[in-house]
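All chains are named by letter (A, B, ...) in the order of the sequence lines, taking the proteins before the strands, and each is independently numbered beginning at 1.
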Number of protein chains: 2
Amino acid sequence: MFSSFRLTGAEREALNAISTRIHRPAKRRIYAQGDQGHYIYRIRSGAVRLEHQLKDGRNQIFAFLWPDDMFGTLDGGLYHTSAITLVDTYLFQISYPALKSLVEVHPRIQTLFLRQALDYAKTTERHLLLATYPLVVKRLAGFLLECSRQADFFDRTSGILTLAMDRKDIADYLGFAIETTSRTLKELEDMGLIQRLSAQRIRIDRDRIGAII
Amino acid sequence: MFSSFRLTGAEREALNAISTRIHRPAKRRIYAQGDQGHYIYRIRSGAVRLEHQLKDGRNQIFAFLWPDDMFGTLDGGLYHTSAITLVDTYLFQISYPALKSLVEVHPRIQTLFLRQALDYAKTTERHLLLATYPLVVKRLAGFLLECSRQADFFDRTSGILTLAMDRKDIADYLGFAIETTSRTLKELEDMGLIQRLSAQRIRIDRDRIGAII
DNA sequence: CGGCGAGTTGATAGCTTTCAAATGCCGTGG
DNA sequence: CCACGGCATTTGAAAGCTATCAACTCGCCG
């Protein structure tokens with residue numbers, strides 16, 4: 001619905017004026033679950049994971065985020081997830097109070113955030129579909145396909161996917177045990193759908209993986 | 001962030017002018033997955049389920065929706081879910097083209113939709129948490145708690161919850177087999193956390209259910 | 001009263017987790 | 001440059017949980 005939306009020059013300038021460029025090395029926390037939420041973020045380059053800690057010790061990863069994705073939504077003024085970089089990452093950081101004032105002057109800017117929120121909801125639905133496949137091999141196969149949509153981490157000509165996350169991250173995203181990640185990768189390799197070049201570099205056959213889902 | 005937001009009188013009137021009040025009996029389809037998407041909806045009273053059919057035959061329910069919830073998001077002009085009433089339901093129906101024109105004149109109205117989208121994303125995250133609990137008894141217990149938040153279907157004084165959905169709906173929402181719904185309800189009853197008064201009327205002990213999650 | 005569909009219950013098979021141990025990888029210090 | 005230590009990953013075997021298939025019960029409606 002808002003795919004053709006563009007900001008005016010003045011709107012873009014005003015948004016830039018309240019955006020700060022920041023940098024975080026790999027595996028650094030940007031904010032923690034329960035922190036006071038002062039900023040919303042947008043990824044310029046790199047990758048981030050959003051995770052939610054449960055009282056029983058489970059650590060559910062809600063999303064892996066990529067360039068242009070935004071994050072930092074609040075729940076009663078607090079971040080309800082932790083945000084952690086997977087790799088070296090550059091971000092825009094926007095203060096919530098400044099954004100709120102800006103939107104009162106330039107309400108059209110909300111379209112950007114609305115579109116982003118709708119995208120995030122759709123992504124979470126896809127995540128839910130993946131994480132509830134009865135067979136873990138389907139979950140992992142679908143996950144590898146999703147990862148291969150990120151141009152920064154997938155080389156189309158060679159079919160080589162670079163995993164920015166470790167085995168535990170994958171397990172926490174798909175809802176199974178870390179050992180199952182390994183075993184199921186082996187299963188996919190035995191089926192001839194992937195080749196493990198190293199722990200984080202995998203050659204994948206997207207067509208045949210797509211066929212089993 | 002937008003909790004204090006209010007439309008002006010003119011904005012509210014303009015929105016009303018493009019809203020149609022419609023009615024659907026229980027168990028009727030409002031739209032089907034793959035249909036051309038012309039309208040967005042808001043529930044005035046009743047309840048709706050959003051479901052997504054997969055190629056392999058699985059039917060994943062994405063959400064149960066209640067009064068004030070909105071639905072009807074599109075994916076390339078098409079509905080990507082089916083929307084079906086659970087009970088007798090009254091709705092607002094808003095045409096997308098009319099809404100798009102309206103937003104160009106009154107961009108502040110987008111705040112309503114942004115808030116709704118953020119709410120839906122949060123709901124989907126909670127759903128994901130529920131549906132990925134390793135033990136089905138926790139999934140179902142958490143589900144009953146969520147249902148008991150709907151004032152129209154839960155009587156606080158008696159603790160009696162009326163389930164608007166059937167066993168298959170619950171199974172499709174939580175990602176297990178229909179038989180497991182029955183067995184796990186029995187398990188909760190054996191633990192003394194609930195009493196099944198009839199198939200759809202259940203007395204629940206919210207405190208003790210909350211304690212096991 | 002009969003019949004149908006929703007819900008329940010039982011037994012077995014299949015899949016994933018858990019606990020334990022082995023292997024491999026990589027950066028650090030000698 | 002090589003050895004060592006620590007951590008991530010992989011592998012194995014047994015236990016636990018849920019799906020499946022089948023049969024049965026219940027409630028509702030004609």
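Within the 4.0 angstrom heavy-atom criterion, base atoms lie near A:T180. If you check every strand for non-hydrogen atoms under 4.0 Å, A:I178 touches nothing.
In this structure, B:L197 places its CG atom 17 Å from P of D:dC26, rounding to the nearest Å. Between A:E187 atom CD and D:dT10 atom C1' the separation is 15 Å, expressed in whole Å. The separation between B:I194 atom CD1 and C:dT8 atom C1' is 13 Å, rounded to whole Å. A:R167 has its CZ atom 12 Å from the P atom of C:dC25, to the nearest Å. Computed from coordinates, the B:M165 CE to C:dA6 P distance equals 16 Å when rounded to whole Å. Per the geometry, CD belonging to B:E179 stands 10 Å off P belonging to D:dC21, to the nearest Å. Spacing between atom NZ of A:K27 and atom P of C:dG27 amounts to 12 Å, rounded to whole angstrom units. Protein atom CG of A:D166 is 15 Å distant from nucleotide atom C1' of C:dC26, rounded to whole Å.
Nearest-nucleotide positions on DNA chain C for A:Q200 and A:R139 put A:R139 closer to the 5' end.
Formation of a donor-acceptor pair under 3.5 Å by the B:Q33 side chain with backbone atoms of B:Q53 is found in this model.
In this structure, B:R58 satisfies the cation-pi test against A:Y133, with its NZ or CZ atom closer than 6.0 Å to the six-membered ring centre and inside 45 degrees of the ring normal.
Under the 30°/60° scheme for interplanar angles, the aromatic rings of B:Y31 and B:F71 are found to be tilted. Below 30°, between 30° and 60°, or above 60°: for B:F64 and B:Y173 the angle between ring planes is between 30° and 60°, a tilted geometry.
Between B:R183 and C:dG7 there is no side-chain N or O to OP1 or OP2 distance below 4.0 Å. Listed pair B:K186 / C:dT9 meets the phosphate criterion, a side-chain N or O lying under 4.0 Å from OP1 or OP2.
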